[in-house]
Engineer: 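The structure that follows is given in the form of structure tokens.
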Amino acid sequence: MTAETSQTLDRGLRVLKLLADTDHGLTVTELSHKLGVNRTVIYRLLATLEQHSLIRRDLGGRARVGLGVLGLGRQVHPLVREAALPSLRSLAEEVGATAHLTLVDGSDALAVAVVEPSWTDYHVAYRPGFRHPLDRGAAGRAILAGRHPDADPAASYVLTHGELEAGASGAAAPLLGVAGIEGSVGVVMLSDSVPEKVGDRVVAAAQEVADALR
């Protein structure tokens, strides 16, 4: 910690991160051990976070992430969308296909930004808000691939055909190295397959977006 930082705020944020990483919640004792501070400090932190609905405690006393974080999360999508749009526009125009940024939303893949090419006669209609299971479509499969600890940001992309729309093929690459954001960048086109050079361009776009979000 430096003189310019707040130890209390730092501890509160660390509590939230620990709770976000567990499905079954944590007790005061468990949090005390993980943070290396006494139980009294943990009680005060949890009481403050609970007042803001950022955590909740069940009948057994285990703390979990509260619904208040959803309100904060809703503000993330516009910021991420704004950062990604320049790279998506460049990708769509260069490839001549609909480009999109997709983020994880529970067990679904959710398109949060979409750019259609301006010069093509036909392209796939794809809209922000479109969602599908993570294990269907290039965007979701790329996200799952990005969860692998050995994922290579310079060479990993996923190709699919007809999984979400008949006659449409997709290519997507995961966003890697962006703390707190799990997603992918991809294109969808009306074709039987996606050329290799398009896959490489998608990987480059995903890296551009990741750099913009760091």
Side-chain angles (χ1 to χ4, degrees), residues 20 23 65 67 69-70 72-85 87-117 120 122-149 151-153 155-196 198-210 212-213:
D23 294 328
V65 173
L67 294 177
V69 299
L70 294 177
L72 299 176
R74 293 190 189 99
Q75 305 307 312
V76 173
H77 285 181
L79 296 174
V80 174
R81 184 184 304 116
E82 182 177 353
L85 280 175
S87 293
L88 293 180
R89 289 193 187 99
S90 177
L91 176 63
E93 291 298 315
E94 183 175 334
V95 173
T98 302
H100 54 84
L101 169 69
T102 300
L103 300 181
V104 170
D105 186 30
S107 61
D108 289 341
L110 175 68
V112 298
V114 177
V115 176
E116 297 176 346
T120 57
Y122 303 99
H123 54 259
V124 177
Y126 202 77
R127 296 289 181 267
F130 177 71
R131 65 173 62 236
H132 56 85
L134 284 172
D135 60 356
R136 288 179 59 82
R141 291 186 183 276
I143 291 171
L144 294 177
R147 291 176 176 177
H148 195 282
D152 181 358
S156 59
Y157 62 88
V158 174
L159 301 176
T160 59
H161 176 70
E163 290 197 359
L164 298 177
E165 185 173 343
S169 293
L175 291 177
L176 299 176
V178 184
I181 296 178
E182 195 176 21
S184 66
V185 170
V187 295
V188 58
M189 57 179 61
L190 294 171
S191 67
D192 293 332
S193 63
V194 177
E196 182 177 348
V198 172
D200 293 337
R201 182 63 183 85
V202 166
V203 170
Q207 290 180 304
E208 291 171 7
V209 174
L213 293 173

Engineer: For a 4.5 angstrom cut-off between non-hydrogen side-chain atoms, does E116 reach R127?
Structural biologist: yes

Engineer: Using 0.5 Å steps for rounding, measure from the CG atom of D135 to the CD1 atom of I143.
Structural biologist: 11.5 Å

Engineer: So, S169 side chain and S191 main chain: donor-acceptor pair closer than 3.5 Å or not?
Structural biologist: yes

Engineer: Stepwise, does the side-chain contact (heavy atoms from CB on, under 4.5 Å) test hold for R147 with V104?
Structural biologist: CA-CA 12 Å; R147 291 176 176 177; V104 170; 4.1 Å; yes

Engineer: Is the shortest heavy-atom distance from the side chain of V188 to the side chain of E165 under 4.5 Å?
Structural biologist: no

Engineer: If every non-hydrogen atom of V124 is compared with every non-hydrogen atom of A168, which pair is closest and at what distance?
Structural biologist: CG2-CB, 4.2 Å

Engineer: Identify the heavy atoms of D108 and P133 that sit nearest to each other, and give their distance.
Structural biologist: OD1-CA, 4.0 Å

Engineer: Once rounded to the nearest 0.5 Å, what's the spacing between atom OH of Y157 and atom CD of E196?
Structural biologist: 4.5 Å

Engineer: I'd like to know if the side chain of S184 and the backbone of A139 have a donor-acceptor N/O pair within less than 3.5 Å.
Structural biologist: yes

Engineer: Quick check against the 3.5 Å criterion: does R81 have a side-chain atom that pairs as donor or acceptor with the backbone of A113?
Structural biologist: no

Engineer: Can you tell me how far apart CG (L103) and CD (E182) are? Round to the nearest 0.5 Å.
Structural biologist: 9.5 Å

Engineer: Tell me the closest heavy-atom pair linking V158 and A138, and the distance in Å.
Structural biologist: O-CB, 3.8 Å

Engineer: Quick one: are L175 and L101 in side-chain contact, heavy atoms under 4.5 Å?
Structural biologist: yes

Engineer: To the nearest 0.5 Å, tell me how far E82 CD sits from L213 CG.
Structural biologist: 11.0 Å

Engineer: Quick check: do H132 and E163 have side-chain heavy atoms less than 4.5 Å from each other?
Structural biologist: no

Engineer: What distance do L176 atom CG and I181 atom CD1 have between them, rounded to the nearest 0.5 Å?
Structural biologist: 12.5 Å

Engineer: Of the non-hydrogen atoms in G129 and L110, which two are nearest, and what is the gap between them?
Structural biologist: O-CD1, 3.5 Å

Engineer: Tell me, do T98 and P117 make a side-chain contact under 4.5 Å, heavy atoms counted?
Structural biologist: yes

Engineer: Nearest heavy-atom pair of A142 and P174: which atoms, and what distance?
Structural biologist: O-CB, 3.3 Å

Engineer: Show your reasoning for whether side chain to side chain donor-acceptor pair (under 3.5 Å) applies to R131 and S107.
Structural biologist: CA-CA 10 Å; R131 65 173 62 236; S107 61; over 6 Å; no

Engineer: Answer yes or no: is there a side-chain heavy-atom contact under 4.5 Å between V185 and E208?
Structural biologist: no

Engineer: Report the C-alpha separation of L164 and F130 in whole Å, then their side-chain angles, then the decisive distance to 0.1 Å, and conclude whether the side-chain contact (heavy atoms from CB on, under 4.5 Å) test is met.
Structural biologist: CA-CA 11 Å; L164 298 177; F130 177 71; 4.1 Å; yes

Engineer: Can you check whether L91 reaches R201 side chain to side chain, under 4.5 Å on heavy atoms?
Structural biologist: yes

Engineer: Please name the pair of heavy atoms, one in V114 and one in Y126, separated by the smallest distance, quoted to 0.1 Å.
Structural biologist: CG1-O, 3.1 Å

